[in-house]
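Note sheet for the following structure.
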Amino acid sequence: MDTRYDNPLIKQRLEKAEGMREEGLNPYPNDFRPAHTAAKIRKDMEGLTSEEIEAKGKRYSVAGRIISMRVMGKNTFLKLRDRSGDIQLFVQRDVIGRELYGKFKKYDMGDFLGAKGTAFITKTGELSVKAKSIYMLSKSLRPLPEKFHGLTDKETRYRQRYVDLAINPDVQSTFITRTKVVAFIRKYFQSKDFLEVETPMLQTIPGGATAKPFETFHNALSVKMYLRIAPELYLKRLLVGGMERVFEINRNFRNEGLSNQHNPEFTMLEFYQAYATYEDMMAHTEALFSKMAKELTGGYRISYQGEEIDFTPKFNRLTMQEAVERYSRGELSVEDTEDEAKLLAFANKLGIADAAKMSWGKLLAEVFETVAEPHLIQPTFITQYPVDVSPLSRRNEKDPRFTDRFEFYIAGREIANGFSELNDPVDQLERFKAQSAECDKGDEEAHWIDEDYVRALEYGMPPAGGEGIGIDRTVMIFTDAPSIRDVIFFPHMRPERTEG
RNA sequence: GGGCCGUUAGCUCAAUGGUAGAGCAAGUGACUCUUAAUCACUAGGUUCGGGGUUCGAGCCCCUGACGGCUCACCA
C-alpha cells in the first residue's frame with residue numbers, strides 16, 4: 001500500500017504539479033539550458049561597483065535548486081544553488097507579469113528553477129540576478145529540511161545522502177576534496193612512469209591480505225568466488241610479466257566489523273615498482289603526502305580533529321622496537337623486546353588477550369599496536385616488522401627475524417603499508433604453508449596458499465617495492481572528517497525497512 | 001559481538017506518571033531591497049514496533065527494529 005501521499009506536505013506539492021499540468025505546463029520540462037553558473041557571475045562582477053555592474057547589462061541564464069525564498073509582496077528574493085554555489089535571484093511582479101508572478105509565489109523550496117536576467121547589487125550589498133523570465137524545471141514533492149539547522153540526524157544524512165548533499169554545503173566540498181585526492185595520486189604516479197591497471201575483483205583465492213572475504217558464486221563456471229580483499233597478488237603477477245611500474249585505485253571488500261575507520265568496501269591505492277625497495281616506497285609516500293597537502297591546502301600543516309598535522313618532509317621514522325621503547329616511556333626498552341619473557345610479561349600487563357599463545361614477532365606487533373599506535377599523530381613511518389606478521393614481505397638481510405616493511409601512520413591510524421616484495425618462490429611457498437597451518441589452527445584470516453602465485457614467482461619476479469595506501473582514511477585526514485562514513489557517499493548500513 | 005546513549009510534526013528540539021508543545025517549513029492574508037525577513041491567522045502527531053505495570057504511560061518495566069558513540073576485530 002502506498003501511503004506516501006498521506007503526508008499533506010507532499011500532497012500539496014503534488015497538487016501544485018498537477019495544477020501545472022492542467023494549465024498545460026510541464027512540471028518536469030527539459031528544455032532550459034543555463035549558460036552560466038553562480039560562480040561565473042560572481043567572477044564576472046568581482047570588484048565592480050553597483051553602477052559598473054548595471055552598466056554592463058550582461059544577460060545571464062542560470063539554473064538551480066531553490067534553497068530559500070522570501071516573498072515580500074510584489075518582490076521576491078530567493079536563493080538558487082547550482083554546482084558552483086549560490087546566487088540570489090530577485091523576482092518582481094511588474095517585470096515578469098502579474099499572472100506568472102502569482103504562480104511563481106507558490107513555488108516551493110527544493111524546486112529546480114531556471115532564470116534569465118541581468119546582474120545587480122541589492123541595497124544590502126548582495127550580488128543578485130534580476131529575473132526577466134523564470135522557468136520551473138523540476139517540481140520537488142518532498143519538503144527539504146529546515147534552512148537554519150539543516151539536516152543533522154546522522155542516520156538520515158547517510159541513508160539519504162542526496163538530501164545531505166543538497167543542503168549541507170560542507171558535504172559537497174568533502175567529496176570534491178576526495179576527487180582531488182584521487183586525481184592528484186593519479187597525476188603523481190603517471191608522472192613517475194607508472195601505468196594504471198585493473199585486476200580482478202572476483203577471485204577464487206582471496207589473497208594479498210589477512211581478512212575475511214565476502215563469498216559469492218559464479219553460476220556458469222559453477223565455482224565459488226570471493227570479492228577481493230586486496231589486488232596485491234595480481235599486481236605482482238604483472239611485475240612477473242614485465243610491467244615494471246603499475247598502480248591500481250579500486251575497491252577492496254572485507255567481511256568484518258564496521259567502525260569509524262572501517263567500511264566493508266573501501267578504496268585502496270596499491271603500487272608496485274621493480275628494482276625498488278621499501279625505502280623507495282617511503283620516499284614516494286613522503287613526496288605524495290607532502291605535495292598533496294601543499295596542493296590541497298597551500299601549506300604543509302593541516303588541522304585534523306583539533307590536532308595540527310605537519311606534512312613538512314622529512315617524516316618521522318622509528319623501528320617498531322624503538323616505538324615500543326619510546327611510547328612505553330622506557331618501560332620496555334629495545335633490548336627488553338628481544339627478551340621473550342619480558343615481552344610476554346609486558347603484554348600481559350597491557351591485557352593483550354592470548355598473549356601466551358603468540359610467537360615473539362606477533363607479540364611484538366601486538367604490544368606495538370597497543371602502546372605506540374595511538375600516539376603516532378604526526379606522519380610517521382614504522383619500520384622493521386616481524387616476519388611472522390608479514391607473509392608477503394622480503395626478509396631483512398641482516399636480521400632474518402624482520403622484514404623490510406613499514407607502515408605509515410597519521411593521527412594514530414594506519415594509513416599505508418609497504419615493503420620490499422618477497423620474490424623468492426621457495427620462501428614464499430614456505431610462508432604460505434606456515435599461514436595455512438595457522439588456518440588449520442582456526443585462524444580464519446590466515447593467508448591461503450595461492451599455487452598459481454607461487455608458480456608466477458618461479459618464473460621470476462624482478463626485485464620490487466610495493467605499497468598500499470588507504471584512500472578513504474587519507475581523505476578523512478584532508479577533510480577533517482571524524483568518520484569514514486563522512487568520506488563515502490553511501491556508507492553501508494542495515495536496510496531501513498525490515499519487511500518479511 | 002559487548003557496553004552506554006538515542007528514536008516525539010517534513011526538519012531542529014521541548015514536555016515531575018496527569019489534555020503532547022515551540023521555532024523553522026506548510027496553508028491563507030498583509031508587505032516593492034530581503035539575508036534564519038517581518039506581522040496576523042490556520043492546519044499539522046499510531047511519541048520507532050510489540051507486550052506489560054498503572055485509574056492514567058512520550059516518560060516506568062520487558063522485548064524487538066534502526067542508529068550514534070565506544071570496546072573488541074581489522075586497513
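Numbered from 1 within each chain, the chains take letters A, B, ... in sequence-line order.
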Quote, to the nearest angstrom, the [atom1] distance that separates [N] from [M].
N: B:A9; M: B:G44; atom1: C1'; value: 6 Å
N: B:A26; M: B:C11; atom1: P; value: 15 Å
N: B:G58; M: B:G27; atom1: P; value: 32 Å
N: B:C31; M: B:A57; atom1: C1'; value: 47 Å
N: B:U46; M: B:U63; atom1: P; value: 27 Å
N: B:G50; M: B:A65; atom1: P; value: 15 Å
N: B:C59; M: B:G21; atom1: C1'; value: 15 Å
N: B:A22; M: B:A30; atom1: P; value: 25 Å

Provide, to the nearest angstrom, the distance between the [atom1] atom belonging to [X] and the [atom2] atom belonging to [N].
X: A:Leu89; N: B:C33; atom1: CG; atom2: P; value: 17 Å
X: A:Met72; N: B:C39; atom1: CE; atom2: P; value: 13 Å
X: A:Leu258; N: B:G1; atom1: CG; atom2: P; value: 11 Å
X: A:Glu155; N: B:U12; atom1: CD; atom2: P; value: 11 Å
X: A:Leu269; N: B:A75; atom1: CG; atom2: C1'; value: 13 Å
X: A:Asn7; N: B:A43; atom1: CG; atom2: P; value: 18 Å
X: A:Ile167; N: B:G10; atom1: CD1; atom2: P; value: 16 Å
X: A:Leu78; N: B:U34; atom1: CG; atom2: C1'; value: 11 Å

Looking at A:Arg254, does any N or O in its side chain come under 4.0 Å of the phosphate oxygens OP1/OP2 on B:C73?
-> no
Phosphate-side-chain proximity, A:Arg494 and B:G67, N/O vs OP1/OP2 below 4.0 Å = yes
Residue whose closest nucleotide on RNA chain B lies nearer the 5' end, A:Lys79 versus A:Lys105 |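 The residue whose closest nucleotide sits nearer the 5' end is A:Lys105.
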Does any non-hydrogen side-chain atom of [Y] lie less than 4.5 Å from one of [X]?
X: A:Phe104; Y: A:Thr76; value: yes
X: A:Glu467; Y: A:Glu270; value: no
X: A:Phe368; Y: A:Tyr385; value: yes
X: A:Ile229; Y: A:Asn252; value: no
X: A:Lys74; Y: A:Arg98; value: no

Nearest listed nucleotide, side chain of [X], among [options]:
X: A:Leu151; options: B:C69, B:A72, B:C11; value: B:C11
X: A:Asn75; options: B:A72, B:C69, B:C33; value: B:C33
X: A:Thr122; options: B:G10, B:G68, B:U34; value: B:U34
X: A:Ile484; options: B:A75, B:C33, B:C66; value: B:A75
X: A:His149; options: B:U34, B:U12, B:G68; value: B:U12
X: A:Thr210; options: B:A75, B:G68, B:A37; value: B:A75

NA contact type, [X], heavy-atom cut-off 4.0 Å: base, sugar-phosphate, or nothing?
X: A:Asp472; answer: nothing
X: A:Asn260; answer: sugar-phosphate
X: A:Met268; answer: nothing
X: A:Glu407; answer: nothing
X: A:Arg159; answer: sugar-phosphate
X: A:Asn255; answer: nothing
X: A:Arg157; answer: nothing
X: A:Gly468; answer: nothing

Does A:Thr152 get its side chain close enough to the base of B:U12, under 3.5 Å, for a donor-acceptor pair?
-> no
Side-chain-base donor-acceptor pair under 3.5 Å for A:Gln88 and B:U34 =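 Present.
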Okay, side chain of A:Arg431, backbone of A:Ser390: is any donor-acceptor separation there less than 3.5 Å?
->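 Yes, because the side chain of A:Arg431 sits within donor-acceptor range (under 3.5 Å) of the backbone of A:Ser390.
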Please check if the side chain of A:Asp82 supplies one atom and the backbone of A:Ser84 the other of a donor-acceptor pair under 3.5 Å.
->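 Checking the backbone N and O of A:Ser84 against the side chain of A:Asp82, a donor-acceptor pair under 3.5 Å is found.
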Please check if any side-chain donor atom of A:Asp486 sits under 3.5 Å from a side-chain acceptor atom of A:Tyr158, or the reverse.
->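 Checked: A:Asp486/A:Tyr158 side chains pair up, N/O donor to acceptor below 3.5 Å.
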Please check if any side-chain donor atom of A:Tyr60 sits under 3.5 Å from a side-chain acceptor atom of A:Asp44, or the reverse.
-> yes
Give a yes or no on whether a salt bridge exists between [X] and [Y], defined as a side-chain N under 4.0 angstrom from a carboxylate O.
X: A:Arg186; Y: A:Glu196; result: yes
X: A:Lys362; Y: A:Asp388; result: no
X: A:Arg228; Y: A:Glu248; result: yes

Canonical and wobble pairing (Watson-Crick, G-U, under 3.5 Å) of RNA chain B, dot-bracket with | | (((((((..((((....[..)))).(((((.......))))).....(((((..]....))))))))))))....
Close N or O pairs between protein and nucleotides 24-27 of chain B (under 3.5 Å):
{"unit_1": "B:C24", "atom_1": "O3'", "unit_2": "A:Lys147", "atom_2": "NZ", "d": "3.4"}
{"unit_1": "B:A25", "atom_1": "OP1", "unit_2": "A:Lys147", "atom_2": "NZ", "d": "2.7"}
{"unit_1": "B:A26", "atom_1": "O2'", "unit_2": "A:Gln12", "atom_2": "OE1", "d": "2.2"}
{"unit_1": "B:A26", "atom_1": "O2'", "unit_2": "A:Gln12", "atom_2": "NE2", "d": "3.0"}
{"unit_1": "B:G27", "atom_1": "OP1", "unit_2": "A:Lys16", "atom_2": "NZ", "d": "2.6"}

Planes under 30° and centres closer than 5.5 Å, is that true for A:Phe77 with the base of B:A37?
-> no
Applying side-chain contact (heavy atoms from CB on, under 4.5 Å) between A:Val181 and each of A:Thr479, A:Leu296, A:Asp472, A:Ile477, report the one that passes.
-> A:Leu296
